[in-house]
Student: 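Let me begin by handing over the structure; questions about it come next.
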2 protein chains.
Amino acid sequence: MDTRTGLPVVGMVGGGQLARMTHQAAISLGQSLRVLSASPDDSAALVAADVRIGTHTDLAALREFAKGCEAVTFDHEHVPTEHIEALEAEGVKIFPGSRALVFAQDKGRMRERLAALGAPVPRWRRAETAADIESFADGSWPVVVKAVRGGYDGRGVWMLSSAAEAAALLESGTPLLVEERVPLRRELAALVARSPFGQVAAYPVVETVQRDGICVEVLAPAPGLSEARAIEAQQLAIDLANALGVVGLLAVELFETAEGIVVNELAMRPHNSGHWTIEGARTSQFEQHLRAVLDYPMGATTLTAPAVVMANVLGGAAGGISIDERLHHLFATDPGARVHLYGKQVRPGRKIGHVTVLGDDMTSVRARAARAAKWLQEGS
Amino acid sequence: MDTRTGLPVVGMVGGGQLARMTHQAAISLGQSLRVLSASPDDSAALVAADVRIGTHTDLAALREFAKGCEAVTFDHEHVPTEHIEALEAEGVKIFPGSRALVFAQDKGRMRERLAALGAPVPRWRRAETAADIESFADGSWPVVVKAVRGGYDGRGVWMLSSAAEAAALLESGTPLLVEERVPLRRELAALVARSPFGQVAAYPVVETVQRDGICVEVLAPAPGLSEARAIEAQQLAIDLANALGVVGLLAVELFETAEGIVVNELAMRPHNSGHWTIEGARTSQFEQHLRAVLDYPMGATTLTAPAVVMANVLGGAAGGISIDERLHHLFATDPGARVHLYGKQVRPGRKIGHVTVLGDDMTSVRARAARAAKWLQEGS
């Protein structure tokens, strides 16, 4: 507890934009997020008052960081499982716990567990040799190969058209799995939050639009999704949160096919597919995550407008006018667009911010969001 | 400019809750608010990354603080006018400027200027002696006596039933003015923001409800206010912002009488009557103030729901359950209430936070907001 305020201290490991936006939410709750950041120039470190410099792979730094925190949580999934287990053994309240988080860290264990729970997953297997991939494909190419650990935003995912292409990947020694290329109509995401008490709150199911493996747009609610399918996706996410013992947010990335829904990935933290909730839902995912890890009752997840679209702003090529000038132009062209910039150095393809637009009609809201993101995209 | 982000630095003098909430808004714009705070335990100092400790009456501290800021602005009106003039002479962009701000600092000069502009003001005069007050009242008691400078939240305002009661006030040497007690129906507030370019954006007119001189509730939009009266109030605020050369927010506190509207007070900063805009308007007053002082185009001021009510949370008597426990109870009883706690030590009557509720029906929204504030009020 912060003795100056009588309110709890939450520590977040990692200083990226998720921690940055969680700090914004913490301020409303009377808190000040404690951030473990690798550098003082990280996105969250630029704006938070209580920043500790250290890396997530350093157990001593994690242990020191956790002192005085009511709860410790994560901006990413890269903290070694054994470090989380060590902290848990010492009595640190760390959420999600190691036994849940491992299913977001390790795609192999995730798929095994989901299959055991009867959840819909793509056909898959672990791949140790080219022969494993060849026999899995059985002449039906392409197949998808993924690194079991550490992938993010399209990194660690490869689409292969022959076993020969797998050679370089296999030689690197990275544990891999191979799975069918799902004949998807589109991608969906179901976001829920669960508290230690066991309360679960589910957000409306959204459609996520990817380009080059990176999420570029999120449409809330998913247009044209039947109520039955939406409830099925929410129920699946709730069941998984309960079965895996998740505390905090669980984002379930889904493929929608002609037959139904299939789980693609799990994330146990604030997620890009939930950034729209800052303005688009009564309680943002960031506040919801804080409420969950502190075992507060969950906030309302209702939409604040009929149509909400979030568009990511990716770094463009160098040159052109500055981000500040672009902001001027955007504000002039769309006074209702909601901008979130992460304070990051621009690099091509890097997520440097997002824009949210709200309104009554999905088509026009989507066009406005895309235009707003384009205005902010440097070098475009 | 912050060279790490390519985005501007705004400095705010004063570390109260207005700076705290402005920092939240700054984060979305890719910024980190620089705060000049008297103490590291001040509301904004607890959550901002760039905090300088110093007082607003120290010119050297102000000068050092302003270095590297694109714009300097205020959390309160207490910076000495001559200090602001000195900084302006040195080329600091400080908003609102001294020539505008003086009308929010000095109630005498404000009333003179408003009268000269033809704006509706209560009948008034400066009061130097008991005879001044006696002759002003002309047998018609009570009258209102105000300190010309420094009043806030009911401090510096007295309702007198006889000239004898003025004796102690006059003896203190504080410059005073006396004005008629306006036969008001209710109080309203008109909030606008103006940029150096001259763009002005007006928020919907709200009703403010006071108790013991402190604002306890704000209803947006003001219930039952005719469109003509609303436009009149907005136009008055726009005209005043232009005539006084305000840059940033201008809150015009109004009395509504049987005959029309009368100006009560002016504030040139984020204002309690605008806290509802965080969730209730497309652009919050805090972001709007930043946009204005940076000369960005203004954001949309449209309501996000048909009825929005903000209720202040005042510190209660000592004892009872903790603020954290109260938060648990509130979240359990109303998952849709939006809470803002300022991280302040609780003292009876002190504003320690506010709650905002949004919905379709003003009566039920108002009841929910009042209940939510009561839940959080310690010792109640």
Side-chain angles (χ1 to χ4, degrees), chain A residues 1-2 4-8 20-21 23-24 26-33 41 45-51 201 278-279 282-283 291 294-302 304-305 322-324 327-346 352-353 358, chain B residues 1-2 4-8 20-21 23-24 26-33 41 45-51 201 278-279 282-283 291 294-302 304-305 322-324 327-346 352-353 358:
Chain A
M1 197 186 74
D2 188 328
R4 300 168 303 183
T5 61
L7 288 164
R20 182 182 175 104
M21 292 185 273
H23 179 53
Q24 273 183 300
I27 293 172
S28 293
L29 300 180
Q31 305 171 24
S32 186
L33 189 72
D41 291 347
L46 294 172
V47 299
D50 188 0
V51 178
I278 297 175
E279 296 90 359
R282 190 54 71 219
T283 308
R291 288 191 186 213
L294 289 166
D295 211 4
Y296 285 132
M298 297 292 91
T301 55
T302 40
T304 63
S322 73
I323 186 76
D324 188 48
L327 203 48
H328 275 268
H329 293 309
L330 169 60
F331 285 160
T333 197
D334 191 342
R338 307 298 314 137
V339 168
H340 297 265
L341 293 175
Y342 306 152
K344 287 174 149 184
Q345 296 287 341
V346 175
I352 60 167
L358 302 94
Chain B
M1 197 188 78
D2 188 327
R4 299 168 302 183
T5 61
L7 289 164
R20 182 181 175 103
M21 290 184 275
H23 179 52
Q24 274 183 299
I27 293 172
S28 294
L29 299 180
Q31 303 170 26
S32 185
L33 189 73
D41 291 348
L46 294 173
V47 299
D50 188 0
V51 178
I278 297 175
E279 296 91 359
R282 190 56 70 217
T283 309
R291 288 190 186 213
L294 289 167
D295 212 4
Y296 285 132
M298 298 292 90
T301 56
T302 39
T304 63
S322 73
I323 186 75
D324 188 49
L327 203 48
H328 274 268
H329 292 310
L330 169 59
F331 285 159
T333 196
D334 191 341
R338 307 298 315 138
V339 168
H340 298 266
L341 294 176
Y342 306 152
K344 287 173 147 184
Q345 296 286 340
V346 176
I352 59 166
L358 301 94

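Model, not experiment: these values are computed from the prediction.
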Student: Look at A:Met21, A:His329, A:Arg20 and state which one has the largest set of heavy-atom pairs under 4.5 Å with chain B.
Tutor: A:Arg20
Student: Between chain A and each of B:Thr304, B:Leu327, B:Thr301, count heavy-atom pairs under 4.5 Å; write down the option with the most.
Tutor: B:Leu327
Student: Let me confirm one number: the CG-CZ distance from A:Asp41 to B:Arg4, rounded to the nearest 0.5 Å.
Tutor: 5.5 Å
Student: Quick one: pull up OG1 in B:Thr5 and CG in A:Leu341 and give me the separation to the nearest 0.5 Å.
Tutor: 9.0 Å
Student: Looking only at heavy atoms, what is the nearest atom pair of A:Ala300 and B:Gly336, with distance?
Tutor: CB-CA, 4.0 Å
Student: With rounding to the nearest 0.5 angstrom, report the CG to CG distance, A:Asp2 to B:Leu46.
Tutor: 6.5 Å
Student: Considering only heavy atoms, which portion of A:Leu33 lies under 4.5 Å from any heavy atom of chain B: side chain, backbone, both, or neither?
Tutor: neither
Student: Name the region of A:Ala201, side chain, backbone, both or neither, that has any atom closer than 4.5 Å to a heavy atom of chain B.
Tutor: neither
Student: Are any non-hydrogen side-chain atoms of B:Arg338 and A:Thr283 less than 4.5 angstrom apart?
Tutor: yes
Student: I need the residue from B:Val339, B:Val51, B:Leu294 with the largest number of non-hydrogen atom pairs under 4.5 Å to chain A.
Tutor: B:Val339
Student: Heavy-atom cut-off 4.5 Å, strictly under: side chain, backbone, both or neither for A:Ala48 against chain B?
Tutor: backbone
Student: Work out which heavy atom in A:Arg291 is nearest to a heavy atom in B:Pro335; give both atom names and the distance.
Tutor: NH2-O, 4.4 Å
Student: B:Tyr296: what forms a ring pair (Phe, Tyr, Trp, His ring centres under 6.0 Å) with it, not counting sequence neighbours?
Tutor: A:His328, A:Phe331
Student: Among B:Ser32, B:Ala45, B:Gly353, B:Ala26, which residue has the highest count of heavy-atom pairs closer than 4.5 Å to chain A?
Tutor: B:Ser32
Student: Please name the pair of heavy atoms, one in A:Pro297 and one in B:Ala332, separated by the smallest distance, quoted to 0.1 Å.
Tutor: CG-N, 3.6 Å
Student: Any side-chain heavy-atom pair from A:Pro8 and B:Asp324 closer than 4.5 angstrom?
Tutor: yes
Student: Heavy-atom pairs under 4.5 Å with chain A - which of B:Ala305, B:Gly299, B:Gly6, B:Gly30 has more of them than the others?
Tutor: B:Gly30
Student: Counting only heavy atoms closer than 4.5 Å, note whether A:Ala337 contacts chain B via side chain, backbone, both or neither.
Tutor: backbone
Student: Does A:Val47 reach the side chain of B:His23, with side-chain heavy atoms less than 4.5 Å apart?
Tutor: yes
Student: Who wins among B:His340, B:Met1, B:Gln24 for the most heavy-atom pairs under 4.5 Å with chain A?
Tutor: B:Gln24
